[in-house]
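Data block below; observations after.
Atom set for the values below is all heavy atoms of this structure, side chains included, hydrogens, waters and symmetry mates excluded. Everything quoted here is computed from the prediction, not taken from an experiment.
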Amino acid sequence: MTPSRRDILTACGFALLATGRILPARAAPALKVVATFSILADFARNVGGDRVAVTSLVGANGDSHVYTPTPDDARRVADAALVMVNGFGLEGWLPRLVKAAGGRARLVTATAGIAPRKTAPDEHAEHEVDPHAWQSVANAKIYVGNIRDALIAADPAGAEAYRANAAGYLERLEALDAEVRAAVAQIPPARRKVISTHDAFGYFARDYGVAFIAPQGVSTEADIGAADLAGLIRQIRAEKIPAVFLENLSDQRLMRQIAAETGARIGGTLYSDALTAENGEAPTYIDLVRHNIKTLTGALAG
């Protein structure tokens, strides 16, 4: 059968009106995607491009550990085609939110396939799973693959675009990983020791050979005991750890107290669990990693 003029125009992205006028066909509505926090939202935007409309529940400089969902969040989740979640216990509030949304959320766990890092038990707690898997660029590539596959499943018509977007972004992440390794190589091995507020950089430490020590556990909700704090101060003095680092999510007073009592200097601010706003230092994941490694090398390499 010979295709009609209308069929040909439709295939080329145009619409034929009854009056004979030709107009561009209306684009399909963007796929509604909800991400639980800003880093995950950035991954989704890079893979989805203009075929997706991404909303982040926990916004810029927000703390996913202690977030309290709102009624608007429940409506967003109920309306979304996909809800991207980190997993590994990061979003302890998620089951309540899904229930409030009517239980209809289509969840995608972006950490699927990543081997979880478990913290060592102490007298206060058993093993905990570290949810901060994105701090390894190699893990970030797994996030991207999972998001790509989920978008293709939800929107098969966009498969080619999602694959192309993901491939381009994965190349940028591969280059980023090489940047981090080259930067760490500039730091003398004896100086590759970092004091940060909470245990958010374990995957980074594992992949890049920088030791991170934190008074708080993997959650910013963790309490800091006086004995733990005193032990940390003794360790900093004994090992002559040169710098302590602030975090964008945490109260800075504790780290400033530790610096004052040990003589270690404040090495700068690290971004752990959230991006900044567009006009900040880390509005994207790649910006976040570059900022952190620049801050670390600036304080430790000399």
Side-chain angles (χ1 to χ4, degrees), residues 3-17 22-60 72-87 91 94 97-98 101-114 133-134 137-177 275 278 283-289:
S4 67
R5 183 183 182 212
R6 183 182 300 276
D7 291 337
I8 294 170
L9 289 170
T10 300
C12 294
F14 294 90
L16 177 63
L17 302 185
I22 300 172
L23 294 176
R26 187 179 66 175
L31 192 74
K32 290 184 179 180
V33 175
V34 169
T36 51
F37 67 114
S38 57
I39 293 170
L40 205 53
D42 185 53
F43 291 153
R45 291 188 184 104
N46 274 281
V47 178
D50 58 10
R51 294 188 69 90
V52 301
V54 182
T55 300
S56 180
L57 298 180
V58 184
D72 281 345
D73 291 338
R75 285 190 284 272
R76 292 188 188 100
V77 167
D79 291 342
L82 294 174
V83 179
M84 305 286 183
V85 306
N86 186 76
E91 305 100 337
L94 185 64
L97 177 59
V98 170
R104 298 188 298 273
R106 184 175 172 185
L107 302 182
V108 176
T109 302
T111 53
I114 295 174
W134 60 85
V137 179
N139 284 346
K141 292 164 69 176
I142 298 175
Y143 279 72
V144 169
N146 288 331
I147 291 169
R148 175 200 60 212
D149 294 346
L151 290 175
I152 290 172
D155 176 25
E160 183 177 353
Y162 298 138
R163 290 193 183 100
N165 292 343
Y169 190 53
L170 288 169
E171 287 182 5
R172 295 173 64 198
L173 293 179
E174 188 71 28
L176 179 66
D177 183 72
L275 303 178
E278 284 296 322
T284 72
Y285 173 76
I286 289 177
D287 291 330
L288 177 150
V289 175

Counterpart residues, side-chain hydrogen bond (donor to acceptor under 3.5 Å, both in side chains), relative to [X] (two or more places apart):
X	answer
Tyr143	Asn86
Thr36	Glu91
Asn165	none
Arg75	Asp72

Salt bridge (charged side-chain N to carboxylate O under 4.0 Å, His left out) filter on Arg45, not counting sequence neighbours, yields none

Applying side chain to side chain contact (heavy atoms under 4.5 Å, CB included), name anything that partners [X], two or more places apart in sequence or on another chain.
X	result
Ala138	Ser136, Asp207
Ala78	Ala101, Arg104
Asp79	Lys32

Take Val34 and Leu57 through the test side chain to side chain contact (heavy atoms under 4.5 Å, CB included) and record every step on the way to the result. CA-CA 7 Å; Val34 169; Leu57 298 180; 3.7 Å; yes

Main-chain N/O of Asp287 paired with Thr284 side-chain donor or acceptor, under 3.5 Å: yes

When you measure from the side chain of Asp177 to the backbone N and O of Val137, does any donor-acceptor pair fall under 3.5 Å? no

Residue pairs, two or more places apart or on separate chains, that pass salt bridge (charged side-chain N to carboxylate O under 4.0 Å, His left out) and touch residues 142-171: Arg51-Asp155

Side-chain heavy atoms of Leu275 within contact of Leu288, under 4.5 Å: yes

From CA spacing to verdict: side chain to side chain contact (heavy atoms under 4.5 Å, CB included), Leu82, Leu151: CA-CA 8 Å; Leu82 294 174; Leu151 290 175; 3.8 Å; yes

Interatomic distance, Ile114 atom CD1 to Asn139 atom CG [nearest 0.5 angstrom]: 4.0 Å

Nearest heavy-atom pair of Ala140 and Phe43: which atoms, and what distance? CB-CZ, 3.8 Å

Residues in ring pair (Phe, Tyr, Trp, His ring centres under 6.0 Å) with Tyr169, at least two apart? none

